[in-house]
**Student:** 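Here it is, the structure in full.
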Amino acid sequence: MTSPTPGRMDVRQAATQVALPLLLVVACTFAVSMAGQPFGAVLAVVVVLLWRRFTHRPWAGVGLPMRWSAVPHLLLGAGVTVAALVAANAASVAVGAAGWVPWEPEGLVYLPLVIAMIVFVQALPEELLWRGHLHDVLAERLSPAIVLVLTSVVFGALHVFSESEARGAVEVALFAVGAAALGFACAASRVRTGTIWMAVGVHSGFYLANGFFPTEGIVYGVQLVAQTVVMVLVGLAILYRPARRERPAA
């Protein structure tokens, strides 16, 4: 019996160290969805805490620093995403593929609570799992570009099983591609800033735009394509935004 070569063992070990975390995060995502909110959010945080404790990983690796710079990152991510999606939805309405849904003013009293729920119960736990913990684990073996693409594609593929307005194979596929575009913008935020706060803002902005500027899908596929395009552009803009120049010292 011949023993396996070191090169083959390295490839097998690397594949395990990449595939296993991906599969565990996918399983956890399904568990969070089945638990419902807010229990799903608590479950996601507990899983990440226990996972990192068991594998002796420092908490700093998830990219969740508690400092004031988190606020502009959060607001910038949310603001850019809301503006981009409203523009995409407006384009869909302009070509007759969607229609605006009238506002319900009586619901504005709950606005602060709704925003807090979107940020801390929906967006933050999911970003903690995908762009926080998983990104940190995969970055030990893979380049930032591969981590960005891999996590975005798998994140999007999961949404084939999501409940949505998509009907038929084509719309379901487009919905998954749109989710991958959202994942790309969030992953680009993590790569660019080193934290997940802007990613939380981008993710929150997606919910905020569709929640506070809702549309009715007449040709839903067209609206999905428009949203996918703008989210890819948001991700590219975050990745390739020129760095701010420091002022020379006096």
Side-chain angles (χ1 to χ4, degrees), residues 21-22 24-53 57-82 84-85 110-139 147-148 151-152 154-156 158-159 162-163 178-212 231 234-235 238:
L22 266 173
L24 290 175
V25 168
V26 167
C28 183
T29 302
F30 278 116
V32 166
S33 177
M34 292 176 64
Q37 299 299 355
F39 305 106
V42 175
L43 176 62
V45 174
V46 170
V47 165
V48 173
L49 280 169
L50 293 179
W51 190 342
R52 298 191 72 84
R53 184 180 181 87
R57 293 181 177 276
W59 179 253
V62 301
L64 196 66
M66 298 300 176
R67 52 177 183 247
W68 285 111
S69 61
V71 177
H73 282 165
L74 184 68
L75 294 177
L76 179 61
V80 169
T81 304
V82 168
L85 283 178
Y110 301 107
L111 185 60
L113 178 61
V114 171
I115 292 176
M117 290 286 288
I118 287 174
V119 174
F120 297 106
V121 177
Q122 290 183 304
L124 180 57
E126 199 161 335
E127 291 306 311
L128 186 64
L129 265 175
W130 285 85
R131 264 62 65 172
H133 175 69
L134 182 61
H135 181 101
D136 179 57
V137 172
L138 296 183
V147 173
L148 186 151
T151 56
S152 302
V154 177
F155 181 77
L158 283 182
H159 286 74
S162 297
E163 295 182 4
L182 170 62
F184 168 70
C186 293
S189 302
R190 168 66 196 253
V191 170
R192 183 59 192 258
T193 65
T195 75
I196 65 170
W197 284 114
M198 184 178 288
V200 173
V202 170
H203 204 141
S204 301
F206 189 88
Y207 289 114
L208 291 169
N210 289 312
F212 294 110
M231 290 311 301
V234 167
I238 292 171

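Because only heavy atoms are used, hydrogens play no part in the values below, and waters and symmetry mates are left out as well, while side chains stay in.
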**Student:** Side chain to side chain contact (heavy atoms under 4.5 Å, CB included) for W197 and L64? Distances and angles first, verdict last.
**Tutor:** CA-CA 7 Å; W197 284 114; L64 196 66; 3.5 Å; yes

**Student:** Looking at side-chain heavy atoms only, is the closest gap between P21 and W51 below 4.5 Å?
**Tutor:** yes

**Student:** For a quick test of reading the model, state the closest non-hydrogen atom pair linking P65 to A70 and the distance between them.
**Tutor:** O-CB, 4.3 Å

**Student:** Given T151 and V25, is the side chain to side chain contact (heavy atoms under 4.5 Å, CB included) satisfied, shown in steps?
**Tutor:** CA-CA 10 Å; T151 56; V25 168; over 6 Å; no

**Student:** Given H203, which of Q122, E127, M198 fulfils the side chain to side chain contact (heavy atoms under 4.5 Å, CB included) condition?
**Tutor:**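 That would be E127.
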
**Student:** Answer whether the closest heavy-atom distance between the side chains of W59 and R53 falls below 4.5 Å.
**Tutor:**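 No, their side chains stay 4.5 Å or more apart.
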
**Student:** CG/L208 to OG1/T81 distance, rounded to the nearest 0.5 angstrom?
**Tutor:**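 One gets 9.5 Å once the value is rounded to the nearest 0.5 Å.
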
**Student:** Any side-chain heavy atom of F30 within less than 4.5 Å of one from L158?
**Tutor:** yes

**Student:** Do L111 and F212 come within less than 4.5 Å of each other through their side chains, counting heavy atoms only?
**Tutor:**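 Yes. Closest side-chain heavy atoms under 4.5 Å.
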
**Student:** State, yes or no, whether a side-chain contact exists between L134 and L22 at a heavy-atom distance under 4.5 Å.
**Tutor:** yes

**Student:** For the residue pair L85 and M231, establish whether any side-chain heavy-atom pair is separated by less than 4.5 Å.
**Tutor:**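 Side chain of L85 against side chain of M231, heavy atoms only: contact under 4.5 Å found.
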
**Student:** Taking all heavy atoms of A185 and all of I238, pick out the closest pair and write down the distance.
**Tutor:** O-CD1, 4.0 Å

**Student:** Using a 6.0 Å cut-off, check whether atom CZ of F39 has over 12 heavy atoms from anything other than its own residue.
**Tutor:** no

**Student:** Listed by chain and number, what are the side chain to side chain contact (heavy atoms under 4.5 Å, CB included) partners of L75, not counting sequence neighbours?
**Tutor:** V71

**Student:** Say whether, by atom type as modelled, one donor and one acceptor occur between the side chain of S33 and the main chain of T29 under 3.5 angstrom.
**Tutor:** no

**Student:** Hey, are the side chains of L128 and H133 touching, using non-hydrogen atoms and a 4.5 Å cut-off?
**Tutor:** no

**Student:** Which residue in the set L49, D136, V48, L129 passes side chain to side chain contact (heavy atoms under 4.5 Å, CB included) when paired with V62?
**Tutor:** V48

**Student:** Report yes if some heavy atom in the side chain of W130 is under 4.5 Å from a heavy atom in the side chain of V154; otherwise report no.
**Tutor:**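 W130 reaches V154 side chain to side chain.
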
